[in-house]
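Working notes, beginning with the structure itself.
No experiment lies behind these values; they were computed from the predicted model shown. Just follow the structure's listing: the first ligand is 1, and inside any ligand the first atom is 1.
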Amino acid sequence: MKITQVAVIGLGRFGTTVATTLYQMGHDVLAIDINPDKVQELAGQVTYAVAADATDESSLKELGIEKFEYAVVAIGSNTEASIMVSVLLKSLNIGVVIARAVSKLQGDTLERIEVDKVVYPESERGRALAHDLFLPGIQQYMELTSTYGISKIKVPARFISQTLKNSNFNNLRDRYGVALIAIQRGEDIILNPDENQTLTSNDTLIIAGPDEKISDIVGPTNINPGE
Ligand code: ADP
């Protein structure tokens, strides 16, 4: 894997998770927060953790930020700081600037100053959770658009011991209007499975398609109130 240098600015819950995860993945992570306590908490969990005001250009330059390929602006609640820092990083020609938005106005403003990607972790997670909980039978959901996503579903009982062909999964796009991307069988992933694969009760299906088509496949939920 290519090791990337990433600066993460703003070490609230979101920034801390991004920074420590990237570091655990083997990347070089410079974590910056204006609050020295936040920086202290992260010592040893990232490559460098530094207390600095990221709206201050000279502080950023002193940290050698211009050499970074990626920067994540994880400041959420302080909109003004999030926008100022993002503008500054773009003007310093950081390759890719990813900024977190907590409101539509903040997101629209970040888009206008041409950050490379705006993420809305709260609303994305909220929507994924709504799908996880209320699209029946779905174990995990990744939204692609508001009505289309990739779902992980436990193999429906009617397909167990059937080949994909017999269960009409071979030509999934035609029969069900979705695409079967992979079967997860224990620790194995069978990508783009062959029509002769027989489904077992331990299988999980990874399917891309419109929400209502996926609901048709999984059938009614077995999660009931009070369980
Ligand atoms: P979360 O919702 O993920 O907990 P917050 O938006 O509340 O995140 O936290 C943002 C973090 O960004 C805070 O730790 C705050 O100290 C930091 N921060 C705010 N302004 C600046 C700045 N100018 N420079 C560096 N860090 C900042």
Enclosure of Tyr48 OH (heavy-atom neighbours >12, cutoff 6.0 Å): no

Select one of side chain, backbone, both or neither to describe which atoms of [X] lie under 4.0 Å from any atom of ligand 1, heavy atoms only.
X     : answer
Glu41 : neither
Lys38 : side chain
Asp33 : both

Per atom 6 (O) of ligand 1, closest listed option by heavy atom (Ala31, Gly76, Ser82): Gly76

From the options Met84, Glu122, Arg13, select the one whose nearest heavy atom is closest to atom 4 (O) of ligand 1. Arg13

Can you list the ligand 1 atoms lying under 4.0 Å from a non-hydrogen atom of [X]?
X      : answer
Asp53  : 22 (C), 23 (N), 24 (N)
Phe14  : 3 (O)
Ala52  : 24 (N), 25 (C)
Thr55  : 23 (N)
Gly10  : 11 (C), 12 (O), 17 (C)
Arg100 : 1 (P), 2 (O), 3 (O), 6 (O), 8 (O)

Is it true that Thr55 and Asp53 share a donor-acceptor pair across their side chains at a distance under 3.5 Å? yes

Regarding Lys154 and Gln139, is there a side-chain donor-to-acceptor distance under 3.5 Å anywhere? no

Should the pair Asp108-Arg112 be classified as a salt bridge under the 4.0 Å nitrogen-to-oxygen rule? no

Is it true that Glu69 and Lys2 have a side-chain N and a carboxylate O under 4.0 angstrom from each other? yes

Val96 with Val73, same ILVMFWY side-chain cluster at under 4.5 Å: no

Per the side-chain contact (heavy atoms from CB on, under 4.5 Å) rule, which among Thr16, Leu22, Thr21 passes with Val18? Leu22

For Arg100 and Leu110, the nearest pair of non-hydrogen atoms, with its separation, is O-CD1, 3.8 Å

Atom of Thr163, atom of Asn196 and distance for their closest heavy-atom approach: CG2-O, 3.8 Å

Report yes if some heavy atom in the side chain of Phe68 is under 4.5 Å from a heavy atom in the side chain of Gln5; otherwise report no. yes

Distance from [atom] to nearest protein heavy atom, with residue and atom:
atom                    : answer
atom 5 (P) of ligand 1  : Ser77 OG, 3.6 Å
atom 21 (C) of ligand 1 : Ile75 CD1, 3.7 Å
atom 9 (O) of ligand 1  : Gly12 CA, 3.8 Å

For [X] and ligand 1, does the shortest N/O to N/O distance drop below 3.5 Å?
X     : answer
Ala54 : yes
Ile34 : yes
Asn35 : no

Please confirm whether the backbone N or O of Ile98 pairs with a side-chain atom of Asp116, one donor and one acceptor, at under 3.5 Å? no

